[in-house]
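On a predicted model such as this, the values are computed, not experimentally measured, just so you know.
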Amino acid sequence: MTDTPTEPAPARESLASLLGGRKGAIDASLPPVAFVAGWLATGSSIGWGALTAIVVSVAVGAFRLVRGDKARAVVVSLAAVVAAALIALHTGRAEDFFLIQLLSNVASALLWAASIVVRWPLLGVVVGFALGQKTRWRKDPALLKAYSRASWIWVFLQYTLRVLVYGSLWWAGEVVALGVARTVLSWPLVAVTVAVSGWVLYRTLPENHPGLRHPRPR
C-alpha cells in the first residue's frame, strides 16, 4: 500500500508586501519635524514653525506628484498640515500642532475596534480591497476570524499606543518630544504593527488554508 503524496502547503505572502505604504508614512512625518525645527530655530515662534511645516509639506507633495502619487492624497496631506498649523496659531500653543494627529488616532482606534465587533474587521477590508476581492473574504469563516484577531493588533499596538504617548506629551506641553514621537511612531511603528498582525493572521489560519487570495466559502 503506497502513501498518497500530500500537497505542499501554499506559499503565504507577507502582509507587508500586500499593504506597503512605508514611503507615505515617512513623508507624513517630515512636516511635524519641520514644525519643531522651525519653532526651535526661531525662539519658539509658532508662526515660523507653521510656515516651515507648510513649506516642507508643499515640497513633499510636489515630490509625491512627480513620483506618480494621486493628487487627491497630496492635497489631503497638505490640508492636514495647514489645519494643524492654523490650530496652533489660533490657540497660541505649539503642542496643538499635534492635536489633529492625536484626535485622528483616537478616532482610528474606535473605528477599528467597532469594525471587529460588527464582524467587518478593517484589516480584512483593506487587504480584500488590495487583492480585488471586494467582500468575498467575509464568506470564509477562517479568514474572518484571522482578520478579526489581527485587527486587534492595530487597535492596541498602533492606535492606542499613539494615543497614550501623544496624549501624555500633549498634556505636558512637550513640543520637542511630540516631534520625536511623531517620527518614531510613524513608519517604524507601522512596520512593527504589520509584522505582528501578519504573524497573528497566519497563526490563526489553518495550516491547509489556501491563503489570503483564495477565500473558502463556508
Problem set entry | Heavy-atom side-chain contact between L212 and L201 under 4.5 Å | yes
Problem set entry | Reported CG-to-OG1 distance for the pair D96 and T91, which is rounded to 0.5 angstrom | 3.5 Å
Problem set entry | Minimal non-hydrogen separation, A34 against A53, with atom names | CB-CA, 4.0 Å
Problem set entry | Joint hydrophobic cluster, V175 plus L99, side-chain heavy atoms closer than 4.5 Å | yes
Exercise. Hey, are the side chains of F98 and V36 touching, using non-hydrogen atoms and a 4.5 Å cut-off?
Worked result: yes
For this session: For the residue pair V74 and L78, establish whether any side-chain heavy-atom pair is separated by less than 4.5 Å.
Result: no
Problem set entry | Between CG on residue L30 and CZ on residue F35, distance to nearest 0.5 Å | 15.5 Å
Exercise. Any idea which heavy atoms bring L102 and G167 closest together, and the distance?
Worked result: CD1-N, 3.7 Å
Problem set entry | Least distance between heavy atoms, T193 atom then Q158 atom | OG1-CB, 3.7 Å
Exercise. Linking I/L/V/M/F/W/Y whenever any side-chain heavy atoms sit under 4.5 Å apart, do F97 and V76 land together?
Worked result: no
Problem set entry | Lys/Arg cation over aromatic W137: R213, 6.0 Å, 45° cone | no
For this session: Check whether any side-chain heavy atom of V176 lies under 4.5 Å from a side-chain heavy atom of W39, and answer yes or no.
Result: yes
Exercise. With no hydrogens and no angle check, is any side-chain donor or acceptor of S104 less than 3.5 Å from a backbone partner on I100?
Worked result: yes
For this session: Give the cluster check for L144 versus W112: same hydrophobic cluster or not, with ILVMFWY residues linked at side-chain heavy-atom distances below 4.5 Å.
Result: yes
For this session: Indicate yes or no for a side-chain donor-acceptor contact from S115 to the backbone of L122 under 3.5 Å, with no hydrogens or angles considered.
Result: yes
Exercise. Between atom CG of L65 and atom CZ of F63, what is the distance when rounded to the nearest 0.5 Å?
Worked result: 11.0 Å
For this session: Count the heavy atoms of every other residue, nucleotide or ligand shown that sit under 6.0 Å from CH2 of W152, and state whether that count exceeds 12.
Result: yes
Exercise. Do Y166 and L185 come within less than 4.5 Å of each other through their side chains, counting heavy atoms only?
Worked result: yes
Seminar exercise, completed: In this structure, CZ of R93 is separated from CD1 of I46 (nearest 0.5 Å) by 9.5 Å
Problem set entry | Separation of I116 CD1 from S148 OG (nearest 0.5 Å) | 6.5 Å
Exercise. Tell me, do R64 and S77 make a side-chain contact under 4.5 Å, heavy atoms counted?
Worked result: yes
Exercise. Is there a donor-acceptor contact under 3.5 Å from the side chain of N105 to the main chain of Q101?
Worked result: yes
For this session: Measure across A150 and L123 and return the closest heavy-atom pair with its distance rounded to 0.1 Å.
Result: CB-CD2, 3.5 Å
Exercise. Would V117 end up clustered with W120 when hydrophobic side chains under 4.5 Å apart are linked, directly or stepwise?
Worked result: no
Exercise. Are side-chain N/O atoms of W154 and S197 paired as donor and acceptor at under 3.5 Å?
Worked result: yes
Exercise. Is a side-chain donor or acceptor of T183 paired with a backbone partner of G179 at a separation under 3.5 angstrom?
Worked result: yes
Problem set entry | Least distance between heavy atoms, T160 atom then A109 atom | OG1-CB, 4.2 Å
Exercise. Among the clusters formed by ILVMFWY side chains lying less than 4.5 Å apart, do W170 and L103 turn up in the same one?
Worked result: yes
Exercise. Q133 side chain to P215 main-chain N or O, any donor-acceptor pair under 3.5 Å?
Worked result: no
Problem set entry | Short side-chain to backbone donor-acceptor contact, S168 and V165, under 3.5 Å | yes
Seminar exercise, completed: For V155 and A113, the nearest pair of non-hydrogen atoms, with its separation, is CG2-N, 3.7 Å
Exercise. Taking C-beta and beyond as the side chain, do P210 and R216 meet within less than 4.5 Å on heavy atoms?
Worked result: yes
Problem set entry | Side-chain heavy atoms of W199 within contact of I153, under 4.5 Å | no
Problem set entry | From OG1 (T135) to CZ (R138), nearest 0.5 Å | 7.5 Å
Exercise. Within the distance-only criterion (no hydrogens, no angle test), does the side chain of T42 pair as donor or acceptor with the backbone N or O of W48 below 3.5 angstrom?
Worked result: no
For this session: Would you mind listing every salt bridge (charged side-chain N to carboxylate O under 4.0 Å, His left out) that reaches into residues 140-168, with sequence neighbours excluded?
Result: none
